[in-house]
Amino acid sequence: QVTLVESGGGSVQAGGSLRLSCETRYPYRASSMGWFRQAPGKPEEGVASIDTLGRTAYIDSVKGRFTISQDNAKNILYLQMDSLEPEDTAMYYCAASTRHLNAEQALPILGPNSSFYWGQGTQVTVSS
């Protein structure tokens, strides 16, 4: 059984930082994992992904500000978010692939679909 539990969200002012965590329970190691977000009235958007070789991918709007990483010993996925902007306000979800995908393949399709398992989400709110 696959479980993904996110934590670390909260409210911060623009320019601040948050670190999201995702505790995972997976019967086998997913080929890729990542974070996607959904803002009110907007479609889901893949934010960052990482694969078993440690390769990463990011959407342009977060490059240089967000860092995805994983602690394989503890089965925890992280998203370090720095220099947060009001446009980053959204519900953030952790996802694990159900089929073989590398980080570049996973990023554009990250979301609530058959290619991933996902958690319940954690809210991030950035005020100006």
Undergrad: Of all the heavy-atom pairs spanning Ser61 and Arg65, show the shortest one and how long it is.
TA: O-NH2, 2.8 Å
Undergrad: Is a side-chain donor or acceptor of Asn113 paired with a backbone partner of Ile109 at a separation under 3.5 angstrom?
TA: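 Confirmed, Asn113 side chain pairs with Ile109 backbone.
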Undergrad: Check whether Ile68 and Ile59 end up in the same hydrophobic cluster, where Ile, Leu, Val, Met, Phe, Trp and Tyr are linked by side-chain heavy atoms less than 4.5 Å apart.
TA: yes
Undergrad: We want to know whether Ser17 and Asp82 form a side-chain donor-acceptor pair, criterion being a heavy-atom distance below 3.5 angstrom.
TA: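 Yes - a donor-acceptor pair under 3.5 Å links their side chains.
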Undergrad: List in chain and number order the residues that pass ring pair (Phe, Tyr, Trp, His ring centres under 6.0 Å) with Tyr92, two or more places apart in sequence or in another chain; answer none if no residue qualifies.
TA: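 Residues passing ring pair (Phe, Tyr, Trp, His ring centres under 6.0 Å) with Tyr92: none at all.
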Undergrad: Per the disulfide bond (SG atoms under 2.5 Å apart) rule, what does the pair list look like for residues 42-128, sequence neighbours excluded?
TA: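 Counting only pairs at least two positions apart or across chains, the disulfide bond (SG atoms under 2.5 Å apart) contacts touching residues 42-128 are Cys22-Cys94.
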Undergrad: Compare every heavy atom of Ala90 with every heavy atom of Ala39, then report the nearest pair and how far apart it is.
TA: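 Between these two residues, the closest heavy atoms are N-CB, 3.8 Å.
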Undergrad: Count I, L, V, M, F, W, Y as connected when their side-chain heavy atoms are under 4.5 Å apart, and connections chain through other members. Are Leu20 and Met91 then in the same cluster?
TA: yes
Undergrad: Hey, are the side chains of Tyr93 and Leu4 touching, using non-hydrogen atoms and a 4.5 Å cut-off?
TA: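 Of all side-chain heavy-atom pairs linking Leu4 with Tyr93, none is under 4.5 Å.
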Undergrad: Which heavy atom of Ala106 sits nearest to which heavy atom of Phe116, and what is that distance?
TA: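 Distance-wise, the nearest heavy atoms are O-CZ, 3.9 Å.
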Undergrad: Is it the case that one hydrophobic cluster holds both Tyr78 and Val62, taking links as side-chain heavy atoms less than 4.5 Å apart, direct or via other members?
TA: no
Undergrad: In this structure, would Met81 and Ile76 fall into the same cluster of hydrophobic residues linked by side-chain contacts under 4.5 Å?
TA: no
Undergrad: When you measure from the side chain of Gln70 to the backbone of Ile50, do you find a donor-acceptor pair of N or O atoms at a distance under 3.5 Å?
TA: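 No; zero donor-acceptor contacts below 3.5 Å.
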Undergrad: Looking only at non-hydrogen atoms, find the nearest pair between Leu107 and Ser49 and report the distance.
TA: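 Looking at all heavy atoms of both residues, the closest pair is CB-OG, 3.7 Å.
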Undergrad: Does Thr89 reach the main-chain N or O of Val126 with its side chain, forming a donor-acceptor pair under 3.5 Å?
TA: yes
Undergrad: Name the one of Leu18, Thr125, Val124 that satisfies side-chain contact (heavy atoms from CB on, under 4.5 Å) with Ser11?
TA: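 With Ser11 as partner, side-chain contact (heavy atoms from CB on, under 4.5 Å) holds for just one option, Thr125.
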Undergrad: Hey, could you give me each pair passing salt bridge (charged side-chain N to carboxylate O under 4.0 Å, His left out) that has a residue in residues 45-64? Not counting sequence neighbours.
TA: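 Residue pairs passing salt bridge (charged side-chain N to carboxylate O under 4.0 Å, His left out), neighbours aside: Arg37-Glu45, Asp51-Arg55, Asp60-Lys63.
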Undergrad: Search all heavy atoms of Ala103 against all heavy atoms of Ala57 and return the closest pair with its distance.
TA: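 Minimum heavy-atom separation between Ala103 and Ala57: O-CB, 3.8 Å.
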Undergrad: Other residues, nucleotides and ligands only: do more than 12 of their heavy atoms fall within 6.0 Å of CZ on Arg29?
TA: yes
Undergrad: Quick check for you: to the nearest 0.5 Å, what is the distance between Ser32 atom OG and Glu104 atom CD?
TA: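 Between Ser32 OG and Glu104 CD, I get 11.0 Å after rounding to 0.5 Å.
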Undergrad: Among side-chain atoms of Ser31 and Ser97, is any donor-acceptor pair under 3.5 angstrom?
TA: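 Judged by distance alone, the side chains do pair up.
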Undergrad: Minimum heavy-atom separation for Gln120 and Glu6, please, with both atom names.
TA: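 It is N-OE1, 3.1 Å.
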Undergrad: Is there a donor-acceptor pair under 3.5 Å between the side chain of Thr122 and the backbone N or O of Gly9?
TA: yes
